[in-house]
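A quick write-up on the structure given underneath.
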Amino acid sequence: VQLQASGGGLVQSGDSLILSCAASGIGTLKRMGWYRQPPGKQREWVASISDGGGTTHTADSVKGRLTIPRLSRKNTIYLEMNNLRPEDTAIYYCNLFDYQDYWGQGTLVTVSS
């Protein structure tokens, strides 16, 4: 299983950004999600989508601003990020669970004030 995340970059406070993560080496959509690790802090869960693609969950801390669209393409998920804040600055990691956790390489999002 390989996960390829992309879409990170430098943006200003209030901007929007969309991250994508393509999974290869799997036959069907598995439970996938996004985590992030702010500078100097531990990795934290952001959002996830069920293996059927019909259910999403989002951390309370980002609800209303960051979301996984339900209509993600097969084996590809996205993270829509709106009204970004400096505290959203982090390395964002894509995660897939199929009897074990798989991680992508991470994509850096930097939000300037």
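It should be emphasised that the depicted structure is a prediction, and the values quoted were computed from it without experimental measurement.
Checked by atom type, the side-chain pair Ser20/Ser6 shows a donor-acceptor distance below 3.5 Å.
Here the closest non-hydrogen pair linking Ser13 and Pro86 is OG-CD, 3.9 Å. Smallest separation of non-hydrogen atoms from Leu79 and Ala47: CD1-CB, 4.4 Å.
No side-chain heavy atom of Val62 sits less than 4.5 Å from a side-chain heavy atom of Met81. Residues Leu3 and Met32 are in side-chain contact: their nearest non-hydrogen atoms beyond the backbone lie under 4.5 Å apart. Looking only at side-chain heavy atoms (C-beta outward), Pro69 and Glu80 come within less than 4.5 Å of each other. Contact check for Ser48 versus Trp34: no side-chain heavy atoms found under the 4.5 Å cut-off.
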List the steps, then state whether side-chain contact (heavy atoms from CB on, under 4.5 Å) holds for Asn95 with Arg43. CA-CA 12 Å; Asn95 169 268; Arg43 191 175 299 189; over 6 Å; no

Using side-chain contact (heavy atoms from CB on, under 4.5 Å), reason through Asp15 and Val111 one step at a time and then give a plain yes or no. CA-CA 8 Å; Asp15 283 353; Val111 184; over 6 Å; no

Please lay out, stage by stage, how Arg65 and Asp88 fare under the test side-chain contact (heavy atoms from CB on, under 4.5 Å). CA-CA 10 Å; Arg65 300 189 302 112; Asp88 294 317; 2.7 Å; yes

Step by step, would you call Cys21 with Ile77 a side-chain contact (heavy atoms from CB on, under 4.5 Å)? CA-CA 5 Å; Cys21 175; Ile77 64 169; 3.9 Å; yes

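Sorted by first and then second residue, the side-chain hydrogen bond (donor to acceptor under 3.5 Å, both in side chains) pairs involving residues 49-60 (not counting sequence neighbours) are Asp60-Lys63.
For Gln12, the CD atom is loosely surrounded, since the number of other residues' heavy atoms within 6.0 Å does not exceed 12.
In this structure, Glu87 CD and Ser113 OG are separated by 10.0 Å, a value rounded to the nearest 0.5 Å.
A side-chain donor-acceptor contact under 3.5 Å links Gln105 to the backbone of Ala5.
Trp103 forms part of a hydrophobic cluster together with Tyr35, Trp45, Ile91, Tyr93, Leu108, judged by ILVMFWY side-chain heavy-atom separations under 4.5 Å.
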